[in-house]
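Index from 1, following the sequence.
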Amino acid sequence: MKNILDFSLNELENYFINELKEPKFRAKQVFEWIYKKGVNDFSAMTNLNNALKNNLQNTFYIDSVEPVKCQQSNDGSKKYLFKLKDGKCIESVLLPMKDEIIDENGKLMRHKRYTICVSSQVGCKMGCAFCYTAKGGFVRNLSAGEIVGQILKIKRENAIAYERRVNIVYMGMGEPLDNLENLTKAIEILKHNDALAISPRRQTISTSGLASQIKKLGELDLGVLLAISLHAVNDELRQSLMPINKAYNIAAIMQAVREFPIDMRKRVMFEYLLLGGVNDRICDAKALLGLLNGIKAKVNLILFNPHEGSEFRRPSLKNAQDFRDFLQAKGLTCTIRQSKGLDISAACGQLKAQNEKS
């Protein structure tokens with residue numbers, strides 16, 4: 001059977017015409033049932049005839065990911081362990097970003113706002129020293145439909161209405177740019193007005209720095225946002241933390257970023273994981289400032305989430321604040337990411353590993 005989420009609308013229309021011998025408009029009806037109405041059962045699609053419903057049920061499946069576990073943090077974030085059709089598991093996270101606001105008269109002033117962090121691979125090839133996912137190695141790429149399916153399932157599980165737009169971050173398990181073809185297709189499906197209509201400006205690709213793939217992504221000019229997992233200010237340290245730096249050093253990454261097309265209203269995000277006693281000093285902040293000179297950038301400081309077997313420790317809040325204050329004083333936009341999920345299996349790959357042990 002085929003994963004219907006792997007099909008763009010145009011591909012589905014062609015399949016209906018050529019393979020199912022059905023008119024083109026039927027494909028759009030099915031598309032709208034899945035994406036706009038959140039239906040995951042062909043039998044519930046009331047404007048289709050019974051013969052077509054049966055044919056669809058024998059040809060396609062809709063749910064490409066199935067929840068195995070869900071851990072909810074006291075801060076409202078939820079971490080999902082999803083099982084794929086082949087039994088492999090991945091993780092996704094729902095992050096509540098802003099609360100609902102209701103005025104004194106009971107009028108809704110602002111809806112809740114969410115970010116969904118999704119995986120792009122089962123495992124990862126990059127082997128970053130601080131990453132829990134790296135311990136499990138690489139298994140395979142996710143299809144476009146398996147990427148899209150994480151978002152659909154989380155929206156459905158949390159009753160997030162179609163018209164409530166969410167932000168998507170490709171920052172879960174795997175290196176997104178190592179699965180560029182399927183990632184690109186997922187972005188195109190998600191942004192389609194007959195699908196979830198999630199603008200590329202709401203979709204951020206986080207990469208460990210595959211410079212050649214950053215270049216290819218830039219040439220596609222999808223309009224997505226770019227985030228670079230930098231984490232070090234010199235090649236020696238970065239190579240010890242991130243082996244990919246052997247192939248793409250800091251200079252190569254910076255060159256690729258400078259050539260990347262960015263909306264004039266946006267900036268390239270540089271993610272900097274603060275490791276206590278490793279890269280959290282003011283001299284590191286000064287070096288980072290020099291690296292980003294001339295780039296329309298903002299820095300997101302991330303305090304390391306400790307996990308079993310890690311050699312690294314969480315930095316002090318004071319060191320993080322001093323690091324941020326130095327960069328801000330020099331005119332560089334810098335924030336400390338609010339840590340979420342510290343009371344659950346927050347480190348990427350941790351919930352999957354715990355499930356495999358049990």
**Q** Taking atom CD1 of Ile189 and atom CG of Leu12, what is their separation to the nearest 0.5 Å?
**A** 10.0 Å
**Q** Would you please say whether a donor-acceptor pair under 3.5 Å links the side chains of Ser8 and Glu188?
**A**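 Their side chains do not contain a donor-acceptor pair, so the 3.5 Å distance test is not met.
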**Q** Can you list every pair that meets salt bridge (charged side-chain N to carboxylate O under 4.0 Å, His left out) and has a residue in residues 207-232, with sequence neighbours left out?
**A** Lys215-Glu219
**Q** By salt bridge (Lys or Arg N to Asp or Glu O under 4.0 Å), which residues pair with Glu11, not counting sequence neighbours?
**A**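 Once residues adjacent in sequence are excluded, the partners of Glu11 under the salt bridge (Lys or Arg N to Asp or Glu O under 4.0 Å) criterion are Lys185.
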**Q** To the nearest 0.5 angstrom, please state how far the CZ atom of Arg26 sits from the CD atom of Glu13.
**A**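 Answer rounded to 0.5 Å: 13.5 Å.
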**Q** Parallel under 30°, tilted from 30 to 60°, perpendicular over 60°: which one fits the rings of Phe31 and Tyr35?
**A**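 Plane angle between 30° and 60°, so tilted.
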**Q** Has Ser119 got a side-chain atom pairing as donor or acceptor with Met173's backbone, closer than 3.5 angstrom?
**A**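 Checked: pair present.
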**Q** Would you give the length of the straight line joining atom CZ of Arg238 to atom CD1 of Ile244, rounded to the nearest 0.5 angstrom?
**A**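 Result: 8.5 Å between the selected atoms.
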**Q** What heavy-atom pair brings Gly276 and Asp280 nearest, and what distance separates the two atoms?
**A** CA-OD2, 3.6 Å
**Q** Does the side chain of Ser208 come under 3.5 Å of the side chain of Glu175 through a donor N or O and an acceptor N or O?
**A** yes
**Q** Could you pull out all residues at least two apart from Thr333 that satisfy side-chain hydrogen bond (donor to acceptor under 3.5 Å, both in side chains)?
**A**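 Listed in chain order: nothing, the list is empty.
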**Q** Looking only at heavy atoms, what is the nearest atom pair of Ser143 and Asn182, with distance?
**A** CA-ND2, 3.9 Å
**Q** Strictly by modelled atom types, are Gln121 and Asp178 linked by a side-chain donor-acceptor pair under 3.5 Å?
**A**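 Present: a donor and an acceptor within the cut-off.
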**Q** Take Asp63 and Arg156, measure what salt bridge (Lys or Arg N to Asp or Glu O under 4.0 Å) needs, and give me the verdict at the end.
**A** CA-CA 11 Å; Asp63 280 334; Arg156 192 183 300 138; 3.0 Å; yes
**Q** Under 6.0 Å from the ring centre and within 45 degrees of the ring axis: does the NZ or CZ of Lys85 meet both conditions for the six-membered ring of Tyr61?
**A**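 Yes, a cation-pi geometry.
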